[in-house]
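A short write-up of the structure that comes next.
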Amino acid sequence: MKHPHATPATPAPRSDDAPTPTEADDNTTVTNAATDSNATTPITPSEPPNPAHTPPESLHAHLNTHLPGAARAWLDQALAEAAAHPGTHGPISVWELRIAEAGRRCGDEYVDAARVLILRAAGADPAALSRVYRQGTSAERRAVLCVLPHLVPGPDALPLIEDALRTNDTRLLAAAVGPYAARHLDPHNWRHAVLKCLFTGVPVDNVADLRRRARADAELARMLGDYAAERTAAGRPVPEDLHRVLALTDSAPAPHGADGSDTPHGKES
């Protein structure tokens, strides 16, 4: 995200020999092995939970456990700033600057979770989320998609999901088919999202609520069959994930609410 110059949040003091994560480009952050300035043993990076599927409190607890001391201090200050100044002040809000800074501060392992926490602390509404998404890097857009189920109760942010589904950025696509899409995408667009995952090689494990939404979906089964036939006719392998989803479409419908969710979906036009 291209932002005007601003004074960054001041991290807690750290030893001179503690490396700092450095952002290599918009989408990739290279993190040096870091040592907590408050501990004597090295911090071993641990893959964080999926920020779209995990309660923010659990995300915060995970970062508190795994981030080096300076990064934890920076995140705590960024969250406090976002909560204290949730609106836009001047040309850009302070929390938007922290969103851009998070990759350098927290490193690639944890940046998605950190950005989700900042967006949630700011209580960003759909208009603010849309602004961050439109102006942001691919990595920042991914964080916006991941925070939607935690911030937006209704379908107001569906245009962002639909935009991401039009791209061929596999990391954006994986974020776009999360819980928010499962709740709010109408059947027609949801089916095409599943097909887009198969086209691009995004594992269908990323598709939230796949088992329930695919269950007994004859139209999805037809689309999958057509795609498999096209691949076979062209002498190309059929993705294993296609067979997995196709098997789900053969499942009998469950009683209303039997899967723990009674979220309605829009009618297909």
Side-chain angles (χ1 to χ4, degrees), residues 47-55 58-59 112 116 141-142 144-155 157-269:
E47 183 178 354
N50 187 314
H53 297 253
T54 307
S58 299
L59 285 180
D112 285 352
V116 164
R141 291 183 174 197
R142 187 171 67 246
V144 171
L145 298 174
C146 287
V147 83
L148 294 181
H150 306 307
L151 270 183
V152 185
L158 271 178
L160 303 184
I161 296 292
E162 293 163 354
D163 180 84
L165 291 174
R166 287 192 290 268
T167 75
N168 289 317
D169 183 326
T170 55
R171 298 188 73 183
L172 271 186
L173 291 172
V177 293
Y180 190 82
R183 294 173 193 167
H184 300 295
L185 268 183
D186 63 72
H188 175 79
N189 286 316
W190 184 82
R191 292 175 187 130
H192 281 278
V194 174
L195 265 292
K196 186 66 175 279
C197 288
L198 296 174
F199 294 158
T200 58
V202 172
V204 296
D205 287 339
N206 290 284
V207 181
D209 215 3
L210 175 64
R211 181 177 297 276
R212 181 180 65 83
R213 291 213 60 173
R215 184 182 293 120
D217 189 333
E219 177 61 15
L220 178 60
R222 182 195 65 77
M223 295 168 66
L224 293 170
D226 288 348
Y227 179 53
E230 291 173 5
R231 299 279 299 183
T232 301
R236 297 176 180 176
V238 176
E240 183 61 33
D241 272 357
L242 185 148
H243 299 295
R244 291 178 54 199
V245 181
L246 191 58
L248 294 177
T249 67
D250 289 336
S251 302
H256 183 67
D259 57 3
S261 172
D262 58 358
T263 305
H265 300 284
K267 295 180 180 179
E268 183 173 4
S269 55

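Here, residue 1 is the first one in the sequence, and each next residue gets the next number. Keep in mind it's a predicted model, so treat the numbers as computed, not measured.
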Closest approach of [X] to [Y] (non-hydrogen atoms, all atoms of both residues):
| X | Y | answer |
| --- | --- | --- |
| Leu210 | Val245 | CD2-CG2, 4.1 Å |
| Ala164 | Leu173 | O-CD2, 3.3 Å |
| Pro149 | Arg183 | O-NH1, 3.3 Å |
| Asp163 | Thr167 | O-CG2, 3.5 Å |
| Asn168 | Lys196 | OD1-CE, 3.4 Å |

Using the side-chain contact (heavy atoms from CB on, under 4.5 Å) criterion, which residues pair with Thr232? Sequence neighbours excluded.
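Only Val238 meet the side-chain contact (heavy atoms from CB on, under 4.5 Å) criterion with Thr232.
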
Please assess Arg231 against Leu242 for the test side chain to side chain contact (heavy atoms under 4.5 Å, CB included), listing each intermediate value before the final yes or no.
CA-CA 11 Å; Arg231 299 279 299 183; Leu242 185 148; over 6 Å; no

Please check: side-chain N/O of [X] versus main-chain N/O of [Y], any donor-acceptor pairing under 3.5 Å?
| X | Y | answer |
| --- | --- | --- |
| Arg213 | Ala182 | yes |
| Thr54 | Pro51 | no |
| His53 | Ala208 | no |

Does the pair Thr200 and Asp169 meet the rule for a side chain to side chain contact (heavy atoms under 4.5 Å, CB included), with working shown?
CA-CA 9 Å; Thr200 58; Asp169 183 326; over 6 Å; no

Name every donor-acceptor pair, under 3.5 Å, that has one atom in a side chain of residues 223-230 and the other anywhere in the protein, sequence neighbours excluded.
{"unit_1": "Asp226", "atom_1": "OD2", "unit_2": "Arg222", "atom_2": "NH1", "d": "2.7"}

If the condition is ring pair (Phe, Tyr, Trp, His ring centres under 6.0 Å), which residues does His192 pass it with, not counting sequence neighbours?
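Listed in chain order: His188.
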
Distance from Leu145 atom CG to Asp112 atom CG, nearest 0.5 Å?
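Answer for the CG-CG pair, Leu145 versus Asp112, is 10.0 Å.
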
Tyr180 vs Leu158 side-chain heavy atoms within contact, under 4.5 Å
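Yes, at least one pair of side-chain atoms sits under 4.5 Å.
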
Please test Cys197 against Val177 for side chain to side chain contact (heavy atoms under 4.5 Å, CB included), starting from the C-alpha separation and ending with a verdict.
CA-CA 9 Å; Cys197 288; Val177 293; 4.0 Å; yes

